[in-house]
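Report on the structure given below.
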Protein chains: 2
Amino acid sequence: MAAKRSGARSKRSQRISELLQPVQEPHSEPPLSRERIVATAVELLDAQGVDGLTMRRLADRLGSGVMSLYWHVDNKEDVFDLALDSVLEYRGPPQIVESQDWRGEVVHMLEDWRASMLRHPWSASLLPRRALGPNILGRLELLSKSLSRAGIADADVNVAIWSLWNYVMGATITRASFDRSDDDRAAAQQRLTRLSERYPTIERTRLLLDNDWDGAFRKGLGFLLDGLSPR
Amino acid sequence: MAAKRSGARSKRSQRISELLQPVQEPHSEPPLSRERIVATAVELLDAQGVDGLTMRRLADRLGSGVMSLYWHVDNKEDVFDLALDSVLEYRGPPQIVESQDWRGEVVHMLEDWRASMLRHPWSASLLPRRALGPNILGRLELLSKSLSRAGIADADVNVAIWSLWNYVMGATITRASFDRSDDDRAAAQQRLTRLSERYPTIERTRLLLDNDWDGAFRKGLGFLLDGLSPR
DNA sequence: ATGTATCTCGTACACGGTACGAGTCGCCGT
DNA sequence: ACGGCGACTCGTACCGTGTACGAGATACAT
């Protein structure tokens, strides 16, 4: 009944054998490990998208049997969680940004967050459905500190975090899925022009955004921060 | 090579037979139709979530064979598109809101939008990945008019729409997925309290949001609109 | 009577996640 | 020296999925 490695993840004991003899066979793959699995999963996701990740493909790419994966990870969901968090590290703002400049801090972190997710377009739409990993929690914590330092009332800080989260997630999820569906750009183009007769605004908006998503994100974020700033 | 009903959807010709003889058998299901399929798909999605919708279950519930569905619908993706759009109708603001009150108009539409998606929690996370249906386009169109009437500069209207879209989508997707993962509330609770030692802000935020998501949404939206309003 | 269009559906296939249990290997206590 | 045990690998099998294919059924036009 109990799964082999359910809750407590017993990392294998550092593989002493490998430390002694450098390489067993010339072309043998390095042994499986949670880290290697996650890294390869990210590769696969980047290359093929969410649906491209299957346990079989993952095992192939790792040069192992499918079921071997299940000793290191609980199931496919687990792989998603780990891949997701591995992609969301944050190293903090550059030194250039001074600690007085709360707004610069916040903007830098959020733009970095968005950029990280856009580098791995599968990640954004996955994030809301999965458990919050340590890296996102760290970002939220940092956000909270900056906003408090900005002089925003304690009662409003939560709402502010929530608003910024919403904005970033919405923007990035939407942007990422636009990229993906542009595979069939011809069809999309045709569909849109057909629609723009009935919905005159859409075409205008699309054109503007198509050329400058980054600028639009930054500008909208600016408006939001304007609204959030203490008066 | 050409699919039976690829692009041009040839609606069947009103089933004359049924108009003549009211019911063929006492307990026979009404005939299949795109509308009935979509309505049943929505039922299924509401009851079982995204993964609960399978073509076989859908056919069962409709009392038909699986492959019969494929005459009315291109594929499963098509079903998602149709179900999604069918859930996003908007009837416009109530008469109480006067046409001068652009802000009231916008708030009403956006809150209605969010409410519609939360009534069907599968819908929010699906929306960004799917083609924009007529009902969402209609909402965006309306948004655009209200904002122009508000006196927002033309160049900024696009960014404003984009920002509001982002906010609503982010808020709703996140909220909807919280609901879903609360099935295992015990586990979530434990996980969060364990985390809140390292990330003190999180617990506070969660508590606030847990009790008053609607209020937080409204308040954050207020901040955003403050930032967007012409100065 | 003979098509022809509309609609239904049984069968079959390729592919997905993963349960089960038999293997291999190296270390440790005796 | 040996027996056992824990760490790890993996082949096979099962069931559930979307949907291609093509054989029917029905109604209507000619």
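Note on naming: letters A, B, ... go to the chains in the order of the sequence lines (proteins, then strands), and numbering restarts at 1 for each one. Small disclaimer: the values here were computed from a predicted structure and weren't measured.
The salt bridge (Lys or Arg N to Asp or Glu O under 4.0 Å) pairs that include a residue from residues 114-128 of chain A are A/Arg114-A/Asp214, where partners are two or more places apart or lie in different chains. Within the structure, every pair that satisfies the salt bridge (Lys or Arg N to Asp or Glu O under 4.0 Å) test and touches residues 39-53 of chain B, not counting sequence neighbours, is listed here: B/Glu43-B/Arg61. Pairs of residues two or more places apart, or lying in two chains, that qualify as salt bridge (Lys or Arg N to Asp or Glu O under 4.0 Å) and include a residue from residues 79-92 of chain A are A/Asp81-A/Arg130.
Legend: residues meeting side chain to side chain donor-acceptor pair (under 3.5 Å) with A/Lys219, ordered by chain and number and at least two apart, are B/Asp156. Not counting sequence neighbours, B/Arg57 has no partner by the salt bridge (Lys or Arg N to Asp or Glu O under 4.0 Å) test.
Distance alone, capped at 3.5 Å, is enough to place a donor-acceptor pair between the A/Tyr167 side chain and the A/Leu221 backbone.
The NE2 atom of B/His72 sits 16 Å away from the P atom of D/dT19 (whole-angstrom rounding). With rounding to whole Å, B/Leu69 atom CG is found 14 Å from D/dT17 atom C1'. The distance between atom CZ of A/Arg36 and atom C1' of D/dT9, rounded to the nearest whole Å, is 13 Å. In this structure, B/Trp71 atom CH2 and D/dC21 atom P are separated by 18 Å, rounded to whole Å. What separates CG of A/Leu62 from C1' of D/dT9 is a distance of 13 Å, to the nearest Å.
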Quick test: give all pairs of protein nitrogen or oxygen and nucleotides 12-19 of chain C nitrogen or oxygen below 3.5 Å, distance rounded to 0.1 Å.
{"unit_1": "C/dG16", "atom_1": "N7", "unit_2": "A/Arg56", "atom_2": "NH2", "d": "3.2"}
{"unit_1": "C/dG17", "atom_1": "OP1", "unit_2": "A/Lys76", "atom_2": "NZ", "d": "2.8"}
{"unit_1": "C/dG17", "atom_1": "OP2", "unit_2": "A/Met55", "atom_2": "N", "d": "3.0"}
{"unit_1": "C/dG17", "atom_1": "N7", "unit_2": "A/Arg56", "atom_2": "NH2", "d": "2.5"}
{"unit_1": "C/dG17", "atom_1": "O6", "unit_2": "A/Arg56", "atom_2": "NH2", "d": "2.7"}
{"unit_1": "C/dT18", "atom_1": "OP2", "unit_2": "A/Tyr70", "atom_2": "OH", "d": "2.8"}
{"unit_1": "C/dT18", "atom_1": "OP2", "unit_2": "A/Lys76", "atom_2": "N", "d": "3.0"}

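Look at B/Ser68 and you'll find a side-chain N or O under 4.0 angstrom from OP1 or OP2 of C/dC9.
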